[in-house]
Amino acid sequence: MEMRQLEYFIAVADEANFTRAAQRVHISQSGVSAQIRQLEHDLGATLIDRSGRTATVTAAGAAALPHARAVLASAGAVRQAVDAVNGLVRGRLVVGMVTACTVAPLFNALAAFHGAHPGVEITLIEDSSDRLTELVRAGEADLALIGASGAPPPGLGALPIISERLVAALPPGHPLAGQPRVTLADITAYPIVCMPAGTGIRTVLDQACAAQGIQPDIALQASAPGAVADLAIRGLGIAIFSESMAANYDTQLKTLVIDDIQTPSPALRELLQHTRQAFTSPQHPPGAAAADPAAGQETS
């Protein structure tokens, strides 16, 4: 009996699927199957029922499962105790970021952390702010860079990274292009192209419209800021961005501050030390590009 066999057995029991279990432990499905069959041979009992659409534990498997978890937990505790004496940090962290994230200091933070603690495995995932918040709350992600509007998500703390205004970005020939500033009523008189529901920018836009009783005409949606900009450049609608995001397209789109959408001031979560250093260092200039800010509030 080997530790990895117990790990694979637990993965299959949790996932109820050999393919997902193999992805979880980062080996081939055939490798997982072979190791579990060897474990079953050593124990003299079938642990996983493979006859149905899902892989389920047998009675013997159910009896063995808590003990397998305890063995792995004890082995992990031994490693942690020795690492603590040696000053080492090991483990696994799942870090979330909004889709199409362009906040470079996040990557600087991950690089610095990896350099200081190479024994920690880092998994990076992308999703909408709402979904990432759910993953952190469920314990499936350790921290996430999100766009937030107003107070931080209930039950979670946060640290503000970037706070910006929402702006309208439109081609030079648009009827509003000659105005220095616009209101929400001005821009919603025209079709809007923006990021989808669940993102920080969209949340702020929707809340502002609801507060004023405005029903915006959302003509098109795209998760990537570049796609939203391309749609606006082609005259398909006014793009809604944060100030720093719009700055990436200032040679093709004119940016107008939306006067009646204000920047919120939430109290936000404390990040890992390396993340804090990366975002507060002098190398991070004001207005650095941010993905999916909530009225520009980028948080983790």
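A donor-acceptor pair shorter than 3.5 Å can be found between the side chains of Ser30 and Ser28. Checked by atom type, the side-chain pair Gln29/Thr19 shows a donor-acceptor distance below 3.5 Å. Side-chain atoms of Asp186 and Thr183 form a donor-acceptor pair, as typed in the model, at a separation below 3.5 Å.
Between the side chain of Arg234 and the backbone N or O of Asp230, at least one donor-acceptor pair lies under 3.5 Å. The backbone N or O of Tyr249 lies less than 3.5 Å from no partner atom in the side chain of Gln252, so there is not a single donor-acceptor pair.
Taking all atoms of both residues into account, the shortest heavy-atom contact from Phe18 to Ser33 is CD2-OG, 3.5 Å. In terms of heavy-atom proximity, Thr46 sits nearest to Thr58 at O-OG1, 2.5 Å. Between Ala169 and Ala232, the shortest heavy-atom contact is O-CB, 4.0 Å. Ile201 approaches Ile240 most closely through the heavy-atom pair CG2-O, 3.7 Å. Between Tyr190 and Pro175, the shortest heavy-atom distance links the atoms OH-CB, 3.5 Å. Between Ala229 and Leu253, the shortest heavy-atom distance links the atoms O-CD1, 4.0 Å.
Both Leu176 and Leu236 are assigned to one and the same hydrophobic cluster, defined by single-linkage of ILVMFWY side chains at heavy-atom distances under 4.5 Å. Linking ILVMFWY side-chain heavy atoms closer than 4.5 Å, directly or via other members, places Val228 and Val257 in a single hydrophobic cluster. Each of Leu6 and Val78 belongs to its own hydrophobic cluster when Ile, Leu, Val, Met, Phe, Trp and Tyr are linked at side-chain heavy-atom distances under 4.5 angstrom.
Among His41, Gln5, Arg50, the single residue meeting the side-chain contact (heavy atoms from CB on, under 4.5 Å) criterion with Ile36 is Arg50. Screening Cys194, Cys209, Pro191 for a side-chain contact (heavy atoms from CB on, under 4.5 Å) involving Pro216 leaves a single residue, Cys209.
Val71 places a side-chain heavy atom less than 4.5 Å from the side chain of Met3. Side chains of Ile238 and Val182 form no contact here, defined as non-hydrogen atoms less than 4.5 Å apart. The closest side-chain heavy-atom distance from Phe241 to Asn248 is not below 4.5 Å. Contact check for Leu256 versus Pro180: no side-chain heavy atoms found under the 4.5 Å cut-off. The shortest side-chain heavy-atom distance between Val57 and Ile48 falls under the 4.5 Å cut-off. Using a 4.5 Å heavy-atom threshold, the side chains of Arg202 and Ile218 count as touching. In this structure the side chain of Leu184 reaches within 4.5 angstrom of the side chain of Leu205, judged on heavy atoms. Residues Arg131 and Ile125 fail the side-chain proximity criterion, which asks for heavy atoms closer than 4.5 Å.
For the atom pair CZ of Phe9 and CG of Leu47, the computed distance is 5.0 Å after rounding to the nearest 0.5 Å. One finds the CZ atom of Arg181 at 4.0 Å from the CG atom of Asp259 (value rounded to the nearest 0.5 Å). Interatomic distance, Leu166 CG to Met245 CE, rounded to the nearest 0.5 Å: 9.0 Å. Summarising the geometry, atom CD1 belonging to Ile10 is positioned 4.0 Å from atom CG belonging to Leu72; distances are rounded to the nearest 0.5 Å. Within the model, atoms CD of Gln179 and CD1 of Ile187 stand 11.5 Å from one another, a figure rounded to the nearest 0.5 Å. One finds the CZ atom of Arg4 at 10.5 Å from the CD atom of Glu7 (value rounded to the nearest 0.5 Å).
Contact check on Arg137 versus Glu134 returns no salt bridge, with no Lys/Arg side-chain nitrogen under 4.0 Å from an Asp/Glu carboxylate oxygen. A salt bridge links Asp14 with Arg69: at least one charged nitrogen is closer than 4.0 Å to a carboxylate oxygen.
For CZ of Arg37, the number of neighbouring non-hydrogen atoms (other residues, nucleotides, ligands) closer than 6.0 Å is 12 at most. Counting heavy-atom neighbours within 6.0 Å of His26 NE2, excluding the residue itself, gives a total above 12.
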Please evaluate residues Met97 and Phe107 with respect to the criterion side-chain contact (heavy atoms from CB on, under 4.5 Å), reporting the C-alpha separation (whole Å), side-chain torsions for both, the decisive distance (0.1 Å), and the verdict. CA-CA 10 Å; Met97 65 179 186; Phe107 310 130; 3.7 Å; yes

